[in-house]
Number of protein chains: 2
Amino acid sequence: MLKSLDQKPLVDIVEEKLCEYLSSGKYYTGDQLPKEQEIAEQLKVSRNIVREALSRLRMLGLIESRKKKGMVLSEPQLFNGFERIAHARFFSDKKIKELLEFRYVLEMGLPELLYRNQENIDFERLEDLAGQYEKATTSKERIQFDREFHATLYKATNNETIIRFVTILTPVLEFQAKTENSESAIPLSHAELVKILKSGTKNQFRNAMEKHLKNKIEQLKDF
Amino acid sequence: MLKSLDQKPLVDIVEEKLCEYLSSGKYYTGDQLPKEQEIAEQLKVSRNIVREALSRLRMLGLIESRKKKGMVLSEPQLFNGFERIAHARFFSDKKIKELLEFRYVLEMGLPELLYRNQENIDFERLEDLAGQYEKATTSKERIQFDREFHATLYKATNNETIIRFVTILTPVLEFQAKTENSESAIPLSHAELVKILKSGTKNQFRNAMEKHLKNKIEQLKDF
DNA sequence: AATGTAGTTATGTAGTACATAATAAAATTG
DNA sequence: CAATTTTATTATGTACTACATAACTACATT
């Protein structure tokens with residue numbers, strides 16, 4: 001089969017060149033970029049194209065722009081791109097399954113950080129949420145309290161990047177939580193999880209978490 | 001302090017509306033979008049703006065465009081945005097630290113998947129890489145073989161999403177591997193790791209991995 | 001029927017014009 | 001002269017037009 005030699009659109013090339021340029025070492029956070037017009041002239045493309053490329057970088061948070069000031073390099077927000085496409089309906093079952101696995105891996109690696117930042121754990125809130133989960137009557141409530149419980153665990157990591165990632169990811173994966181057999185009892189309750197986290201060892205907690213998630217991971221096979 | 005009420009640029013609004021529109025349920029993968037001109041007229045903005053917004057979505061892989069065909073909705077590539085900004089020099093020490101932690105969590109959660117897909121593990125290659133690592137003389141070689149060793153582990157998960165994420169992430173984190181004291185012996189060698197993976201339990205492997213990564217995690221405190 | 005040709009269409013690129021807001025410079029005022 | 005207001009300047013933001021390009025359609029030719 002012959003290669004399709006559809007040449008890239010100019011935007012892609014310009015975007016690439018800009019990224020290269022910005023990461024080359026000449027620029028530091030806060031530095032201001034050349035004017036759009038200058039970039040356009042230098043690359044011999046229309047200002048239009050340059051603006052499209054810059055618009056992409058702006059979306060990622062790599063640059064910010066002010067009316068007269070120009071554009072300045074800034075620290076990019078980490079999962080801006082991911083955030084925008086984080087709708088379950090965009091993804092195939094295969095990708096959803098992989099994302100479920102991704103979260104499972106995260107969840108099971110979490111104890112490493114939790115046992116390093118144990119003083120950050122909000123036990124009171126965890127216990128409260130565990131109780132509310134038990135008292136919940138509707139599936140919607142259970143999903144809500146379950147989400148908050150796990151979110152509270154993540155929060156204790158004190159790692160904004162991980163927290164943001166999971167925060168974006170969770171709603172994508174919950175679309176199918178409704179279809180899951182949410183009536184089947186959780187093999188190990190939230191309350192028990194907290195208890196072990198409070199006084200057990202890291203290995204004990206990991207094993208407890210594994211049990212807690214058993215149902216969720218079992219259904220991965222159905223995909 | 002008063003809110004800065006700098007109204008969003010139109011591109012941001014249009015992009016948002018397009019995302020909303022595309023995720024609303026009317027469109028399925030493969031469907032073709034309205035023409036740029038129509039979108040522009042409907043939203044009462046210039047075609048220019050619409051193109052900028054579409055260009056962003058194209059970058060994320062949410063849409064593809066053909067010359068006469070128009071633009072069609074497609075399954076987005078997952079970490080396209082992240083990939084572009086994945087240069088260490090864009091990130092603050094804090095973010096780098098968080099990303100190191102992120103990978104650590106992943107690495108420690110990995111056994112869950114490995115022990116589900118044990119038949120996928122390429123033990124031969126792992127052993128080979130473990131050996132090459134030992135024989136390596138330069139720091140550069142060691143980094144290379146270490147990277148490949150862990151990549152081979154990830155590969156066994158058979159989870160393209162996780163693999164891609166780590167593949168993007170790794171070079172970002174390696175910039176500082178050069179500054180790390182790479183001469184200090186690893187507490188538990190690659191070879192030992194493979195041996196345990198081959199015949200040990202999941203818990204044993206997890207503990208081994210923890211030991212293996214001990215040095216890397218220790219230096220997180222320096223950040 | 002297979003090939004070739006011309007026309008149509010939606011994206012891709014270029015260019016111009018002007019609005020807007022932030023800054024700097026100049027002018028005004030107390 | 002200091003403080004404030006006004007005016008000019010500048011780079012981004014938005015709009016519009018024009019044409020190039022490639023892919024598709026339909027018709028024409030052999």
Side-chain angles (χ1 to χ4, degrees), chain A residues 1-19 21-22 26-27 29-74 76, chain B residues 1-19 21-22 26-27 29-74 76:
Chain A
M1 201 169 101
L2 288 168
K3 268 187 203 171
S4 89
L5 34 75
D6 53 350
Q7 53 199 0
K8 277 187 201 171
L10 282 181
V11 202
D12 291 353
I13 299 172
V14 171
E15 187 214 323
E16 216 171 304
K17 276 202 188 293
L18 281 172
C19 276
Y21 189 47
L22 293 176
K26 288 176 185 173
Y27 283 93
T29 302
D31 286 1
Q32 61 185 58
L33 281 67
K35 293 178 281 188
E36 292 174 351
Q37 196 62 251
E38 285 176 20
I39 298 174
E41 281 164 17
Q42 216 159 336
L43 297 180
K44 291 185 177 59
V45 296
S46 77
R47 191 181 151 220
N48 232 323
I49 301 291
V50 175
R51 275 188 67 77
E52 267 188 52
L54 288 171
S55 181
R56 291 177 174 184
L57 303 189
R58 235 183 38 211
M59 173 182 70
L60 299 177
L62 188 59
I63 60 179
E64 286 171 8
S65 55
R66 292 283 151 80
K67 273 271 159 108
K68 141 128 189 177
K69 198 178 177 186
M71 313 193 100
V72 300
L73 184 62
S74 46
Chain B
M1 198 169 101
L2 287 168
K3 266 188 205 172
S4 88
L5 36 74
D6 53 350
Q7 51 200 358
K8 277 187 203 171
L10 282 181
V11 202
D12 292 354
I13 299 171
V14 171
E15 187 214 323
E16 216 170 305
K17 276 201 189 290
L18 281 172
C19 276
Y21 189 48
L22 293 176
K26 288 177 185 171
Y27 283 94
T29 302
D31 285 1
Q32 61 185 60
L33 281 67
K35 293 179 280 187
E36 292 175 352
Q37 197 61 252
E38 284 177 22
I39 298 174
E41 281 165 18
Q42 216 160 334
L43 297 180
K44 290 184 177 62
V45 297
S46 77
R47 191 181 149 218
N48 229 323
I49 302 292
V50 174
R51 274 188 67 77
E52 269 187 49
L54 288 170
S55 181
R56 290 178 174 183
L57 302 189
R58 233 183 40 210
M59 175 182 68
L60 299 177
L62 188 59
I63 59 179
E64 287 171 8
S65 55
R66 292 284 153 80
K67 272 268 157 112
K68 142 128 189 177
K69 199 179 177 185
M71 312 193 100
V72 300
L73 184 61
S74 46

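Note: hydrogens, waters and symmetry copies are ignored here, and every other heavy atom, side chains too, is used. Residue numbering restarts at 1 for every chain, and letters A, B, ... go by the order of the sequence lines.
One interatomic measurement links the two molecules: CD of B/Gln32 to C1' of C/dT9, which rounds to 12 Å at whole-angstrom precision.
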| message | Can you build the contact string for nucleotides 7-14 of chain D? Use B for base contact, S for sugar-phosphate-only contact, and - for no protein heavy atom under 4.0 Å. | response | --BBBBBB
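Separating the CE atom in A/Met71 from the CG atom in A/Leu22 is a distance of 10.5 Å, to the nearest 0.5 Å.
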| side chain to side chain contact (heavy atoms under 4.5 Å, CB included) evaluation trace for A/Val72 with A/Thr29 | CA-CA 8 Å; A/Val72 300; A/Thr29 302; over 6 Å; no
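B/Arg47 pairs with exactly one of B/Gln37, B/Glu41, B/Glu38, B/Glu36 by the side-chain hydrogen bond (donor to acceptor under 3.5 Å, both in side chains) rule, that one being B/Glu36.
In terms of modelled atom types and a separation under 3.5 Å, the side chain of B/Arg56 and the main chain of B/Glu15 share no donor-acceptor contact. The closest donor-acceptor contact from the side chain of B/Ser74 to the backbone of B/Gly61 lies under 3.5 Å.
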